[in-house]
Amino acid sequence: MYSGGFSQKLDKWGVPSFGAGYNFSQSGFYYVGNNPRVYPAMEAQLQKQYAGVTAQTQAMIAGERQQREVSQAWNNLINNTNMTNIGIWDIGTIAGATGMAGDYAGMQNGSFRLTNGKYNGSQFSFKYYKSGWQGGSVAEITTYSISKLGKGVSTGANVFSSYLAVQEIANGNSSPVTYVDATVGFTGVLNSAASYYTGKEIPIVGEFVMFYGVMRTTWDVFFYLGQNYGPSTWYGTNNAKWFK
Amino acid sequence: MKNIYFAWWADSIIRIKVFNPKMQDWEMKIFILNTTLNALNYWVIIIWLKYLNILKIPLLTLDIFPGDVIDNVISAIINFATPFIILNYFLVFQKNRYEKIVSLYQDGKLNIAFPYAVISVCLSAITVLMYGLFWN
């Protein structure tokens, strides 16, 4: 194996070889880098070209990687959330809703105010009254009963949850949480019917359905917004953008 | 059929007024509840027809709002409830027609409203169960 020559020695040692001259066929001066020879004008063009290709390739790889991660996460979610084994996502939602409904049930007799009363300028000042105080006093504070508020919107919430499940099933786009939607919604509708037609109401159901509907919608909307407009999407799929 | 329909409405209105005498917005609430029960029954029929491969009725699907929940609810209301919103409003609530309907069935011993609600919800629940077990 030929290993002679000063340039080759330098190459072996990791030192780039060098030199200069004039190439008549290329009509230009040159410097000697590694083989093959690259002229200064060509080098700049090639560098620019390869930089573009490199960035594009990196972006493609990053996009593919991100897509695979999303797909994997989605598969994990589907695998974890089947009828026999409801996954963490659903349990979290249900537990959250149940917990809030429980808290809510505990403060059913309460009331709250939004402003500090006409006497104090009616400025925003939220306060919860555990005693269920009905307002008044010198300051003319107006309070709102939590139980009345809950009952007022419970019919709408029942209907909301029912229609949600109904549409998902009709479209064939159901997920495990669809069955929860259906159960909650239908129970709420039946509870409203019992209340209206017999005067008897199952305790807490109306309020639970209301909170479930609110939480379900909030979760869905913010999950969508986060997924589509959140920090992970601010720089697109080009992870090399920072370095440009 | 017409008589049963009006008898059902009369029973619903009489009962909600008897059992909830202080309720002020009873018209809106009974309208929403009964229309939803109608819509659920209509949905049950459509689902059974679809999954037994008898008839597939095309359904509207909206994609306007962020996420799926709000779109699905509005789509369902348009698909299943709209016919009954129109029907119930013009046959029962327009120009307070319910007053005349209630007076017609005032003395009858009716017990239609709650059984209808229970049957409707049970049928819907059975449909969801069937869908989950066999059609999903």
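Within every chain, numbering begins at 1; the chains are lettered A, B, ... in the order of the sequence lines, protein sequences first and strands thereafter. Everything numeric here is computed off the predicted structure, so don't read it as measured data.
Shortest non-hydrogen contact noted between B:Lys29 and A:Tyr196 is CD-OH, 3.2 Å. Of all non-hydrogen atoms in A:Ala170 and B:Leu59, the two that sit nearest each other are CB-CD1, 3.5 Å. Listed here is the closest heavy atom pair of B:Ala117 and A:Tyr197: CB-CE1, 4.3 Å. B:Tyr51 and A:Ile169 make their closest contact through OH-O, 3.1 Å (heavy atoms, listed as atom of the first residue, atom of the second, distance).
At a 4.5 Å heavy-atom cutoff, B:Tyr116 makes no contact with chain A through either its backbone or its side chain. Heavy atoms of B:Leu133 lying under 4.5 Å from chain A are absent altogether. In this structure, no portion of A:Thr178 lies under 4.5 Å from any heavy atom of chain B. Using a 4.5 Å cut-off between heavy atoms, B:Leu129 does not touch chain A at all. Looking at A:Ala182, the atoms closer than 4.5 Å to chain B (heavy atoms on both sides) all sit in the side chain, from C-beta outward. Contact of B:Ile47 with chain A is made through the side chain alone, with heavy-atom distances under 4.5 Å. With a 4.5 Å cut-off on non-hydrogen atoms, B:Met28 does not touch chain A at all. For B:Ile14, no part lies near chain A; criterion is any non-hydrogen pair under 4.5 Å. Heavy atoms of B:Phe65 lying under 4.5 Å from chain A are absent altogether.
Across A:Val166, A:Leu164, A:Asn171, the residue that shares the most heavy-atom pairs under 4.5 angstrom with chain B is A:Val166.
Residues B:Tyr131 and A:Tyr179 have side chains in contact (heavy-atom distance under 4.5 Å, counting atoms from C-beta outward). The closest side-chain heavy-atom distance from A:Gln167 to B:Ile77 is not below 4.5 Å. Proximity of A:Tyr163 to B:Asn79: side-chain heavy atoms (C-beta onward) are nowhere separated by under 4.5 Å.
When the shell of 6.0 Å around CD of B:Gln94 is examined, it contains more than 12 heavy atoms from other residues, nucleotides or ligands.
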